[in-house]
Amino acid sequence: MVVSRRVFLQAAAAAGLATGLALGEAPAGAASAPGDVVGKVTVGYQGWFACPGDGAPINGWWHWAQNWGQAPSNTNKSIVAWPDVREYPKTYATAFANLGNGQQAALFSSYDQSTVDLHFRWMKQYGIDTAALQRFNPTGGEGPTRDAMAGRVRSAAESQGVKFYLMYDVSDWTTMQSDIKTDWTNKMSAHTASPAYARQNGKPVVCIWGFGFNDAQRPFTPAQCQDVVNWFKAQGCYVIGGVPTWWRTGDRDSRPGFSDVYHSFDMLSPWLVGRIGSAADADNFYTVATVPDLAECAAHGIDYQPCVLPGGVGDRQRAHGDFMWRQFYNMARAGVASAYVSMFDEYNEGNQIAKTAESLAWVPAGSGFLALDEDGTACSSDYYLRLTGDGGRMLKGQLPVTAARPTRPLPTAPDTTAPSAPGGLRVTGLSDTTVSLAWNAATDDVAVTGYRVLRGDAVAATTAATSCTVTGLSPATAYGFTVRALDAAGNLSPASAQVTATTSAATVPTGDLALHRPTAESSHTQVYGSGNAVDGDPNSYWESANNAFPQWLQTDLGTALPVRRIVLSVPPAAAWSARTQTVEVQGSTDGTTFTRLLPPAGYVFDPATGNRTTLTLPAAPTTRHVRLVFTSNTGWPAGQVADLQVYAS
């Protein structure tokens with residue numbers, strides 16, 4: 001078994017599978033009516049892969065390699081299964097040998113919007129209702145990349161018609177009790193405004209994974225955990241608990257004394273990875289955990305969302321789908337209404353359902369990775385997506401409850417025919433930063449599943465509709481666009497005829513361009529988050545982590561605008577004695593690649609003049625994201641800003 005932060009193999013847990021009271025099979029309904037999680041199939045979405053050159057702040061082979069600074073290879077890898085990347089618009093070359101078929105061994109970056117769009121398009125195509133975006137401790141160096149990923153997931157969920165919610169993993173997060181509240185208040189709660197954000201019983205959904213586990217990574221007391229659950233409920237949230245396997249009995253992987261915490265959640269989702277590894281294990285687990293867990297939840301008015309896992313590819317657990325289907329069958333015969341599939345993209349543990357190398361022809365030569373046909377049965381790369389879709393349909397009553405797996409490892413007939421080229425591409429609207437396009441639907445021998453809009457050779461957007469608005473463009477600039485259709489098998493059509501559109505000239509805005517705009521930061525201390533710098537209150541402020549220069553603060557103006565003047569202040573109170581902060585100004589049109597707009601210089605903040613200073617740019621560059629980089633402060637060892645004001649003139 002490949003062990004990671006979320007796999008806890010314990011002898012006591014294994015022993016627990018062989019004991020327990022045999023119970024009946026009477027179905028028990030969910031406590032709540034169907035919503036975005038009750039009666040639905042949810043997948044865990046890591047979204048934590050990055051590659052150098054993708055623009056991610058983390059700037060490394062995030063989660064692909066043990067040493068993120070070096071390309072993944074046979075001696076530098078942190079994955080145990082190889083993805084099928086044939087459909088990804090953009091990939092990155094590795095140091096692995098070529099694939100068995102001679103093609104270059106390349107990997108995807110989750111930071112590319114086109115990757116997330118593709119993943120969510122698969123979810124929609126294969127009948128997955130909801131994605132739970134994993135969010136680990138966001139206060140460290142991974143925070144800015146994770147913040148950006150939340151925005152990318154939101155965009156993909158909205159464009160592809162899939163729901164999403166935030167799932168906090170509290171592993172190794174020592175300051176979780178206060179940080180999680182600040183993170184939700186200052187950053188993540190904003191995403192609940194999205195029509196794609198999952199709601200249950202009319203409330204935005206939040207999951208907290210890790211309370212009560214009996215290990216050193218999650219040492220929190222029942223009182224600390226109860227405080228967090230109560231706080232999220234007070235914010236009006238529907239709160240899911242990702243809890244230990246043996247939450248009900250309070251032993252083995254569960255700390256004692258957490259019963260009240262467990263029973264305070266709106267929904268419980270007990271962990272399963274590492275607990276079972278065969279169909280026989282799944283049958284025993286049905287008796288000793290699923291049925292009594294469901295009864296316990298029903299008795300307390302709690303919704304129940306047990307895990308389903310495909311099995312580790314490298315552990316040879318999958319049995320060409322029989323292992324996963326047995327879990328779906330046992331859930332269906334128990335009367336379970338909701339399921340959490342672990343995971344969508346977990347190539348590190350090998351429990352992913354996303355498209356995976358189907359044979360050694362699609363695996364780097366000599367890497368030791370196994371493919372989906374490791375037991376001698378040929379499986380298509382999308383097999384576990386198809387299996388998940390059928391399992392979900394069985395839980396929803398759209399397929400009969402059957403122990404016989406209805407999903408074939410290979411589709412009945414491979415689809416090798418590409419769709420026709422979309423016709424009638426036309427411009428339907430434009431602004432200074434956007435171009436709206438529409439086209440006639442392409443045709444396919446099976447079905448068209450989506451379209452890629454290309455600006456030159458680069459993918460500018462993906463959509464399932466026959467219209468799209470391309471954003472992030474520069475004013476008064478000519479652009480050429482084409483569109484290609486895509487089918488479920490990954491076949492791409494020829495490009496449509498090209499259309500050219502010129503964006504309109506920009507209108508110079510007035511007033512403070514940064515007021516109440518979204519913000520980001522390298523870090524903050526206590527409750528002094530970046531949002532305080534644009535809230536219009538001169539007494540609230542952002543303060544970075546102490547004694548850790550350089551630090552940065554940035555705001556998103558919403559569109560590319562001319563920036564001529566930046567006004568900064570710290571609180572005007574006399575207690576804020578005079579200080580000099582060294583600040584550099586950077587700008588970006590896409591939020592990933594920043595250029596210097598103003599070199600580092602010392603700026604004086606003096607209470608005699610309102611603790612305010614003005615930074616004048618020599619020209620008025622057009623930029624959307626304004627970043628301030630702090631490298632020193634004579635008054636306090638941190639970056640400090642009470643008001644960040646940006647003006648076009």
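Please read these numbers as outputs of a predicted model, since none were measured by experiment. Computed from heavy atoms alone, side chains included, the values below leave out hydrogens, waters and symmetry copies. We're numbering straight along the sequence, starting at 1.
- Not counting sequence neighbours, the partners of S338 by the side-chain contact (heavy atoms from CB on, under 4.5 Å) test are V38, M267, Q305.
- Contact annotation: the side chain of I353 approaches that of M324 to within less than 4.5 Å [non-hydrogen atoms, C-beta and beyond].
- Not one N or O on the side chain of N201 forms a donor-acceptor pair closer than 3.5 Å with the backbone of K203.
- A salt bridge does not link D375 to R316: none of the charged nitrogens lies less than 4.0 Å from a carboxylate oxygen.
- Ring centers of F108 and F49: under 6.0 Å apart, within the cut-off.
- When the ring pair (Phe, Tyr, Trp, His ring centres under 6.0 Å) test is applied to F164, the partners found at least two apart in sequence or on another chain are Y197.
- Partners of F328 by ring pair (Phe, Tyr, Trp, His ring centres under 6.0 Å), not counting sequence neighbours: none found.
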Checklist entry - Would Q327 and L272 satisfy side chain to side chain contact (heavy atoms under 4.5 Å, CB included), going step by step from the backbone distance to the final call? => result CA-CA 11 Å; Q327 297 167 63; L272 189 59; 3.7 Å; yes
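- Considering only residues two or more places apart in sequence or on other chains, T249 meets the side-chain contact (heavy atoms from CB on, under 4.5 Å) condition with W246, D251, R252.
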Between side-chain atoms of residues 288-298 and protein atoms elsewhere (two or more places apart, or another chain), which donor-acceptor pairs fall under 3.5 Å?
residue, atom, partner, partner atom, Å
D293, OD1, R248, NE, 2.7
D293, OD2, W247, NE1, 3.2
E296, OE2, H263, NE2, 2.9

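- The line from OG1 of T463 to CZ of R452 is 13.0 Å long, rounded to the nearest 0.5 Å.
- Side-chain atoms of E521 come within 3.5 Å of backbone N or O of S530 as a donor-acceptor pair.
- Remark: L309 CG to M343 CE distance equals 11.5 Å, nearest 0.5 Å.
- Under the 4.5 Å side-chain criterion, counting only non-hydrogen atoms from C-beta, I180 is in contact with F232.
- Rounding to the nearest 0.5 Å gives a distance of 5.5 Å between CG of L372 and SG of C379.
- For the atom pair CG (N230) and SG (C225), the distance works out to 11.0 Å, reported to the nearest 0.5 Å.
- Using a 4.5 Å heavy-atom threshold, the side chains of F323 and R318 count as separate.
- Looking at W271, Y168, Y340 one by one, the single match for ring-ring contact (aromatic ring centres under 6.0 Å, His included) with W209 turns out to be W271.
- Nearest heavy atom pair, residue G531 against residue T519, reads N-OG1, 3.4 Å.
- Geometrically, R275 does not engage F285 in a cation-pi contact defined by less than 6.0 Å to the ring centre and at most 45° from the axis.
- A donor-acceptor pair under 3.5 Å links the side-chain atoms of S264 to the main chain of V261, judged by distance alone.
- Between H191 and A150 the shortest heavy-atom distance is NE2-CB, 3.6 Å.
- Between the side chain of T466 and the main chain of A441, no donor-acceptor pair closer than 3.5 Å is present.
- Nearest approach of N348 to H63, heavy atoms of both residues: ND2-O, 2.8 Å.
- Applying the side-chain hydrogen bond (donor to acceptor under 3.5 Å, both in side chains) test to W173 and every residue at least two apart in sequence or in another chain returns N137, D179.
- Contacts of D487 classified as side-chain contact (heavy atoms from CB on, under 4.5 Å), with partners at least two apart in sequence or in another chain: D415, P419, D444, A489, N491.
- Shown here are the side-chain hydrogen bond (donor to acceptor under 3.5 Å, both in side chains) partners of D322, two or more places apart in sequence or in another chain: R405.
- Contact check for M149 versus Y111: side-chain heavy atoms found under the 4.5 Å cut-off.
- Pairs passing the salt bridge (charged side-chain N to carboxylate O under 4.0 Å, His left out) check and including a residue from residues 219-242, sequence neighbours excluded, read K181-D227, K233-D266.
- What you find for K355 and D382 is that their closest heavy atoms are CE-CB, 3.6 Å.
- The line from OG of S189 to CG of L166 is 9.5 Å long, rounded to the nearest 0.5 Å.
- Taking the side chain as every heavy atom from C-beta outward, Y304 and P270 approach each other to under 4.5 Å.
- In this structure, T42 and D129 have side chains that are not in contact, with every pair of non-hydrogen atoms separated by 4.5 Å or more.
- Residues forming a side-chain hydrogen bond (donor to acceptor under 3.5 Å, both in side chains) with S114 (at least two apart in sequence, or on another chain): none.
- With no hydrogens or angles considered, a side-chain donor-acceptor pair links Q352 and T356 at under 3.5 Å.
- A salt bridge (charged side-chain N to carboxylate O under 4.0 Å, His left out) check over residues 152-167, counting only residues at least two apart or in different chains, returns the pairs R154-E158.
- By the 4.0 Å N-to-carboxylate-O rule, D147 lies close enough to R135 to be salt-bridged with it.
- The two residues S254 and Y262 have their closest heavy-atom pair at OG-OH, 2.8 Å.
- Note: W48 and F136 meet the aromatic proximity criterion, with ring centroids under 6.0 Å apart.
- Residues S159 and D117 are in side-chain contact: their nearest non-hydrogen atoms beyond the backbone lie under 4.5 Å apart.
- No donor-acceptor distance shorter than 3.5 angstrom exists from the side chain of T182 to the backbone of V527, with no hydrogens or angles considered.
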Item to check | Test log, rule salt bridge (charged side-chain N to carboxylate O under 4.0 Å, His left out), inputs R86 and E358 | outcome: CA-CA 12 Å; R86 281 175 283 183; E358 59 197 37; 3.3 Å; yes
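- Between L387 and Y384 there is a side-chain heavy-atom pair separated by less than 4.5 Å.
- When atom types are taken as modelled, the side chain of Q134 and the backbone of A132 share a donor-acceptor pair closer than 3.5 angstrom.
- A ring-centre distance under 6.0 Å is found for F120 and Y45.
- A donor-acceptor pair under 3.5 Å is formed between the side chain of D253 and the backbone N or O of T245.
- Considering all non-hydrogen atoms of both residues, A282 and R326 come closest at CB-CG, 4.2 Å.
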Next on the checklist: Evaluate N351 against S342 for side-chain hydrogen bond (donor to acceptor under 3.5 Å, both in side chains), listing each step before the verdict.
Outcome noted: CA-CA 7 Å; N351 268 308; S342 177; 5.9 Å; no
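- Annotation: side-chain hydrogen bond (donor to acceptor under 3.5 Å, both in side chains) contacts of R199 (sequence neighbours excluded): none.
- Judged by distance alone, the side chain of D303 and the main-chain N or O of S32 form a donor-acceptor pair under 3.5 Å.
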Item to check | side-chain hydrogen bond (donor to acceptor under 3.5 Å, both in side chains) assessment of Y165 paired with D36 | outcome: CA-CA 10 Å; Y165 63 84; D36 291 337; over 6 Å; no
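- A distance of 10.5 Å separates OH in Y383 from OG1 in T388, rounded to the nearest 0.5 Å.
- With R517 contributing its side chain and D556 its backbone, the two residues share a donor-acceptor pair below 3.5 Å.
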